[in-house]
Amino acid sequence: MITVATIEARMTSQRLPGKVLLPADGKSMLEHLVERLKMVSSIEKIVLATTVNTTDDVLVELAEHLSIDNYRGDENDVMSRVIGAAESVNANIVVAITGDCPIIDPCIVEQTIQMFHANQVDYASNAHVRSYPDGMDTQVFKLETLKKSAAMTTNSLDKEHVTLHIRNHPDIFSHVYLVAPPDIHWPELGLTLDELADYKLLKKIIEYFSTINPFFSCRDVVNLLREKPRWVDINASVVRHSDP
């Protein structure tokens, strides 16, 4: 059973184009994400799931530089893109991550994977029931489960939001959810890269920890921001999309 992390990323984000290449502490946001996923012991391969657009050539070049795989597919049919990415590296288990989670906590990713295996379900997530800060989003499922879901829907929203059909049909697909412990329960906190204000906050966080603890945890960030409430105000007005 090969466990693979897929990273959905493209340069043509509507709210913040090119966001995954924005720099912090001398590295792009995508590079920070890849380095964190490489720390997850259960993940055997990482594959960038990007598009066939020429604007994403630069992402393919970065993936090669970071020694991870890449797959190029349809910009709007993200479901088929993730399936193709997983198939390209012979994955059995897919850990679906979006490119806008540059400071994702490797321990939370690992815990979600372990919960998936321990409960023998079709789908495991820490994002469907919101409790962690936005930006720690992890989804785990078998490739065959996603392929089954894809064969059951032609809805464009299902194709755009990879696991929406799975999440909307617990009568077909069994679910289990990881919920944050009380000390880091902060679902309103935005640690995802959607808009310029998010970039400003994430850059400050990354550079704050750069010399003392570059692989800081979600708990480290929560503790920091409880001490620095003005930092929280930086992106407090950003409206979040509910879909992980």
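This one's a predicted model, so the numbers in the text were calculated from it and none came from an experiment. We number each residue from 1, following the sequence as shown.
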To the nearest 0.5 Å, what is the distance between CG on Leu193 and OG on Ser13? 8.0 Å
Locate the shortest heavy-atom distance separating Asp100 from Thr192; write the atom from each residue and the value. O-OG1, 2.9 Å
Name of the residue among Glu110, Gln111, His117 meeting side chain to side chain donor-acceptor pair (under 3.5 Å) with Gln114: Glu110
What is the distance from atom CZ of Arg36 to atom CD1 of Ile97, rounded to the nearest 0.5 Å? 12.0 Å
So Leu146 and Val82, do their side chains get closer than 4.5 Å, heavy atoms only? yes
Side-chain heavy atoms nearer than 4.5 Å, only ILVMFWY residues, links allowed to pass through others: does that put Leu143 and Val121 together? no
Nearest atoms (heavy-atom pairs only) where Lys159 meets Thr154: CE-CA, 4.2 Å
Given 3.5 Å as the limit, does a donor-acceptor pair link the side chain of Asp74 with the main chain of Ser80, or not? no
Linked, directly or transitively: Val109 and Val162 (ILVMFWY side chains, under 4.5 Å): no
What one should report as the nearest heavy-atom pair of Thr98 and Ile7 is C-CG2, 4.5 Å
Quick one: do Ile212 and Met39 end up in the same hydrophobic cluster if we chain Ile, Leu, Val, Met, Phe, Trp and Tyr together by side-chain heavy atoms under 4.5 Å apart? no
When rounded to the nearest 0.5 angstrom, what is the spacing between CG in Leu201 and NZ in Lys203? 12.0 Å
Electrostatic pair Lys228-Asp233, nearest N-O below 4.0 angstrom: no
Check: Asp220/Ser217 side-chain N/O donor and acceptor closer than 3.5 Å: yes
side-chain contact (heavy atoms from CB on, under 4.5 Å) evaluation trace for Ile103 with Phe209: CA-CA 11 Å; Ile103 62 170; Phe209 284 112; over 6 Å; no
Where the side chain of Asp158 meets the backbone of Leu164, is there a donor-acceptor pair that is under 3.5 Å apart? no
Does the pair Arg240/Asp198 count as a salt bridge with the N-to-O cut at 4.0 Å? yes
Checking side-chain contact (heavy atoms from CB on, under 4.5 Å) for the pair Asp194/Lys19: CA distance, chi angles, key distance, verdict? CA-CA 8 Å; Asp194 290 327; Lys19 62 184 180 180; 4.0 Å; yes
Check for me, please, whether Val94 and Ile113 land in the same ILVMFWY cluster - side-chain distances under 4.5 Å, paths through other members count. no
Test item: Glu160 side-chain N/O and Asn76 main-chain N/O as donor-acceptor pair under 3.5 Å: no
Any Ser210 side-chain heavy atom under 4.5 Å of Phe216 side chain: no
Quick one: do the Asp56 and Thr51 side chains pair a donor with an acceptor below 3.5 Å? yes
Find out whether Phe173 and Thr163 are in side-chain contact, i.e. whether some heavy atom of one side chain is under 4.5 Å from a heavy atom of the other. no
Working for side-chain contact (heavy atoms from CB on, under 4.5 Å), residues Leu66 and Glu35: CA-CA 9 Å; Leu66 297 176; Glu35 288 184 349; 5.9 Å; no
Kindly give the heavy-atom pair with the smallest separation between Ser131 and Val179, and that separation in Å. OG-CA, 3.5 Å
Enter the distance from Leu30:CG to Met11:CE here, rounded to the nearest 0.5 Å. 10.0 Å
Will you find, in the side chains of Ser125 and Gln139, an N or O donor that is under 3.5 Å from an N or O acceptor? no
For the student: nearest non-hydrogen atoms of Val222 and Asp183, plus distance: CG1-O, 3.8 Å
Angle between ring planes, His128 versus Tyr177, binned at 30° and 60°: parallel, tilted or perpendicular? tilted
Under 4.5 Å between any side-chain heavy atoms of Tyr132 and Thr138, yes or no? no
N/O donor-acceptor pair under 3.5 Å between Thr112 side chain and Ile108 backbone: yes
Is it the case that Thr12 and Arg10 place a side-chain donor and acceptor less than 3.5 Å from each other? yes
For residues Gly135 and Cys101, report the shortest heavy-atom separation together with the two atoms involved. O-CB, 3.3 Å
Distance-only side-chain donor-acceptor flag, Thr153 / Asn155, under 3.5 Å: no
side-chain contact (heavy atoms from CB on, under 4.5 Å) between Tyr71 and Glu87, worked out: CA-CA 10 Å; Tyr71 175 85; Glu87 287 180 331; over 6 Å; no
So do Glu195 and Leu16 actually touch side chain to side chain, heavy atoms under 4.5 Å? no
Take atom NZ of Lys38 as the centre, draw a 6.0 Å sphere, and report whether it contains more than 12 heavy atoms from other residues, nucleotides or ligands. yes
Please check if Met115 and Tyr123 belong to a single hydrophobic cluster, counting links between Ile, Leu, Val, Met, Phe, Trp and Tyr side chain heavy atoms closer than 4.5 Å. no
Could you grab the distance from atom NE2 of His175 to atom CG of Asp122, nearest 0.5 Å is fine? 7.5 Å
Please evaluate residues Asp137 and Arg130 with respect to the criterion salt bridge (charged side-chain N to carboxylate O under 4.0 Å, His left out), reporting the C-alpha separation (whole Å), side-chain torsions for both, the decisive distance (0.1 Å), and the verdict. CA-CA 9 Å; Asp137 301 356; Arg130 284 289 174 188; 2.9 Å; yes
Taking the side chain as every heavy atom from C-beta outward, state whether Asp69 and Ser88 have any pair of such atoms under 4.5 Å apart. no
Any non-hydrogen side-chain atom of Met136 less than 4.5 Å from a side-chain atom of Asn126? yes
Distance in Å, Glu31 CD paired with Ile68 CD1, rounded so as to fall on 0.5 Å steps: 10.0 Å
Check: Ile172 and Lys148 side chains under 4.5 Å, non-hydrogen atoms: yes
